[in-house]
Enquirer: 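Sending over a structure as structure tokens; questions will come in a sec.
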Amino acid sequence: MRTDKPDARTTVQPSRLGTQPIGKVAEVASGVYQLKVPVPIPLGFVSAYLIEDPDGWTLLDTGFDYPDGRAAWEAGAASLGLDLRSDVSRILVSHFHPDHLGAARWLQGLSDAPVFMLEQEIDHSRLVWESDESASSLVDFLISNGMHRDLAEEAGAGMRANLELPEKIVSLRAGDEIPLGGSSARVVHAPGHADYQYMLHDEARSILFAADHVLLKITPNIGLWPESLPHPLVRYLRSLTDMRGMGVNLILPGHGPVFHDLEGRIKELLRHHDERLEIMLGEIQDRPRTPFEVSGAVFRETLTLYERCFALAETLAHLDHLVLEGRARRVEGEALAFRTADSSVAP
Ligand SMILES: [Zn+2]
């Protein structure tokens with residue numbers, strides 16, 4: 001889930017692998033199949049991966065649970081000769097967002113396979129999807145960051161509804177090695193887009209299942225939400241920097257094209273956030289502005305309400321980062337606002 005439009009300055013090229021239409025399956029590595037599951041949001045699709053193992057199939061990420069998604073799963077699995085009712089041994093879910101976790105309960109109901117998430121992400125999912133307080137804390141959060149109450153209430157009702165968690169969720173930990181497709185993959189913690197998202201790194205085959213951590217054409221949404229750990233952008237940028245030299249040559253992301261040049265894409269993403277920080281700093285130069293005002297100026301394209309919430313959370317993450325760097329300061333008022341640190345005029 002993200003709000004950015006395609007970056008015209010992207011030079012990393014998409015792969016010729018995984019170019020099938022939405023709803024279809026393609027083999028992207030030996031025994032690894034990508035299913036483009038449709039999603040009912042502007043993003044178009046989420047990429048699920050189906051990996052053939054000697055003891056059954058592993059599914060990675062699931063899409064939203066809605067009729068078109070289920071139909072794509074049924075048809076995609078059938079095209080591989082995979083019976084969702086008897087051939088699935090594990091369901092891996094990279095993070096708690098509904099386009100990844102949404103259909104896990106339905107798939108588990110069919111297959112009886114366990115669902116695996118990072119330990120802390122299981123708790124986080126329960127907090128977000130099963131607590132009544134979550135929707136009201138989202139509304140308060142949106143209002144306190146400058147969104148009008150009516151809009152915030154509409155967003156709160158729409159964003160925190162209707163996700164039932166799978167019954168059996170098993171914990172993974174960063175560093176775990178799991179058998180995958182006749183090879184093995186290491187669980188890599190990938191914070192920023194979600195605090196406890198994970199990727200899978202198959203070192204022997206130089207493959208990275210990147211979830212929503214590193215995408216091509218679109219930049220992952222790095223947002224500060226009411227339940228987020230503090231300073232998500234610092235953790236994201238640090239994680240990207242740590243990934244340099246990882247030596248993978250096939251990146252299988254959660255959205256958008258498959259690609260090969262991880263180093264190149266990391267460089268582009270780091271540059272993107274540098275530029276975003278400068279733009280946001282420019283927006284708070286003359287007077288204090290709320291994160292909602294800044295997000296309206298920076299994300300100029302018409303966004304759905306759902307996307308405007310992500311734009312707001314992303315803006316807040318960047319403004320928070322500017323404060324951390326000593327370049328901006330918070331101005332507490334009826335709604336939170338930010339202004340440049342060097343401004344001498346009292347707010
Ligand atoms: Zn996501």
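Counting convention: from 1, in listed order, for ligands and their atoms alike. Numbers here simply count residues along the sequence, with the first being 1. Note that this is a predicted model, so its numbers are computed, not measured.
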Enquirer: Could you tell me whether R271 and E275 make a salt bridge, using a distance below 4.0 angstrom between a side-chain N and a carboxylate O?
Expert: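 Yes, this pair counts.
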Enquirer: In H97, what N, O or S atom is nearest to the Zn ion (ligand 1), if we give its atom name?
Expert: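 Of all N, O or S atoms in H97, the Zn ion (ligand 1) lies closest to ND1.
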Enquirer: Tell me whether H95 has at least one N, O or S atom under 2.8 Å from the Zn ion (ligand 1).
Expert: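 Here the distance criterion (N, O or S atom, under 2.8 Å) is met by H95, so yes.
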Enquirer: Sequence neighbours left out, cut at 3.5 Å: what donor-acceptor pairs do the side chains of residues 231-240 make with other protein atoms?
Expert:
from: H231; atom 1: ND1; to: D320; atom 2: OD1; distance (Å): 3.3
from: H231; atom 1: ND1; to: D320; atom 2: OD2; distance (Å): 2.8
from: R235; atom 1: NE; to: P230; atom 2: O; distance (Å): 3.3
from: R235; atom 1: NH1; to: D195; atom 2: OD1; distance (Å): 3.4
from: R235; atom 1: NH2; to: D195; atom 2: OD1; distance (Å): 3.2
from: R235; atom 1: NH2; to: L229; atom 2: O; distance (Å): 3.3
from: R235; atom 1: NH2; to: P230; atom 2: O; distance (Å): 3.2
from: Y236; atom 1: OH; to: H213; atom 2: O; distance (Å): 2.7
from: S239; atom 1: OG; to: H213; atom 2: NE2; distance (Å): 2.8

Enquirer: What N, O or S atom of D212 is found closest to the Zn ion (ligand 1)?
Expert: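 Result for D212 and the Zn ion (ligand 1): OD2.
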Enquirer: What orientation do H97 and H95 show, parallel under 30°, tilted 30 to 60°, or perpendicular over 60°?
Expert: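 Rings of H97 and H95: perpendicular, as their planes differ by over 60°.
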Enquirer: Can you give the donor-acceptor pairs under 3.5 Å from side chains of residues 24-33 to other protein atoms, not counting sequence neighbours?
Expert:
from: E27; atom 1: OE2; to: G31; atom 2: N; distance (Å): 2.9

